[in-house]
Colleague: 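For reference, the structure I am asking about is given below.
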Amino acid sequence: MLFKYSPKKGIIESDSCQNGARCLRKNPEEFHCDCAAGYHGNTCQYGPCEPDPCKFGTCEILKIPDSNAVSYSCECDDGFFGNFCENSLQ
């Protein structure tokens with residue numbers, strides 16, 4: 001998604017990039033958000049747990065040491081297992 005440049009403010013307008021994303025100039029008037037690893041969305045507003053990838057469990061955000069990157073892990077509810085807690089023991 002592109003955003004209009006505000007020359008008076010010297011930055012893109014109120015829909016600025018989030019979660020450590022870089023705002024890149026596409027041309028003199030338009031910008032694009034370059035999301036940090038693990039984030040997505042037009043303004044990088046969604047993290048690795050959005051939408052929740054864990055079917056029967058809780059998504060936990062993990063920060064990768066010595067970087068700005070993030071990932072996730074699913075903590076499965078009792079009786080469920082798998083990368084996304086998609087499998088039942090029964």
Side-chain angles (χ1 to χ4, degrees):
M1 178 173 201
L2 299 176
F3 300 94
K4 293 292 182 186
Y5 181 67
S6 176
K8 291 179 184 176
K9 296 178 186 176
I11 58 172
I12 59 172
E13 295 174 354
S14 62
D15 292 329
S16 61
C17 304
Q18 302 174 41
N19 295 308
R22 291 184 309 147
C23 185
L24 303 175
R25 186 182 299 228
K26 291 296 222 181
N27 61 49
E29 295 182 356
E30 295 180 313
F31 289 76
H32 170 77
C33 293
D34 181 26
C35 299
Y39 291 93
H40 59 100
N42 292 335
T43 60
C44 306
Q45 70 272 30
Y46 301 115
C49 290
E50 300 170 279
D52 190 345
C54 307
K55 189 168 182 180
F56 296 103
T58 303
C59 185
E60 296 180 0
I61 297 176
L62 305 173
K63 177 153 179 16
I64 298 172
D66 300 323
S67 76
N68 289 330
V70 292
S71 186
Y72 71 91
S73 175
C74 292
E75 184 67 34
C76 299
D77 295 341
D78 289 340
F80 293 92
F81 68 99
N83 289 337
F84 306 104
C85 305
E86 71 277 21
N87 302 309
S88 175
L89 293 174
Q90 298 179 31

Colleague: I need the Glu75 CD to Glu60 CD distance, nearest 0.5 Å.
Modeller: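 Those atoms lie 5.0 Å apart.
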Colleague: Please give me the minimum heavy-atom distance between Tyr72 and Cys49, naming the atom from each residue.
Modeller: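 Smallest interatomic distance, heavy atoms only, reads CB-SG, 3.9 Å.
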Colleague: Enter the distance from Tyr46:OH to His40:NE2 here, rounded to the nearest 0.5 Å.
Modeller: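 The distance works out to 8.0 Å.
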Colleague: Report yes or no: is the SG-SG distance between Cys33 and Cys17 under 2.5 Å?
Modeller: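 Yes, Cys33 links to Cys17 through a disulfide.
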Colleague: More than 12 heavy atoms of other residues, nucleotides or ligands under 6.0 Å from CZ of Phe81: is that the case?
Modeller: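 Atom CZ in Phe81 is packed in, count exceeds 12.
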Colleague: Is Gln90 reaching over with its side chain to a backbone N or O of Ser88, donor-acceptor style, under 3.5 angstrom?
Modeller: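 Looks like no, no N/O pair under 3.5 Å.
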Colleague: Search all heavy atoms of Cys74 against all heavy atoms of Cys85 and return the closest pair with its distance.
Modeller: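 That would be CB-SG, 3.6 Å.
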Colleague: What residues, two or more places apart in sequence or in another chain, satisfy ring-ring contact (aromatic ring centres under 6.0 Å, His included) together with Phe56?
Modeller: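 Applying ring-ring contact (aromatic ring centres under 6.0 Å, His included) to Phe56 gives Phe80.
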Colleague: Less than 2.5 angstrom apart at the SG atoms, yes or no, for Cys59 and Cys54?
Modeller: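 No disulfide here.
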Colleague: Show the nearest heavy-atom pair for residues Cys44 and Asn19, with the distance to one decimal.
Modeller: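 So the minimum-distance heavy-atom pair works out to O-ND2, 2.8 Å.
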Colleague: Test of understanding: with salt bridge (Lys or Arg N to Asp or Glu O under 4.0 Å), list the residues that count as partners of Asp34, not counting sequence neighbours.
Modeller: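 Applying salt bridge (Lys or Arg N to Asp or Glu O under 4.0 Å) to Asp34 gives Arg22.
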Colleague: Heavy atoms only: give me the nearest Asp52-Gly57 pair and the separation to one decimal.
Modeller: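 Shortest heavy-atom contact: OD2-O, 4.3 Å.
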Colleague: Using a distance-only test with no angle check, is there a side-chain donor-acceptor pair under 3.5 angstrom linking Gln18 and Thr43?
Modeller: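 Yes, side-chain donor-acceptor contact under 3.5 Å.
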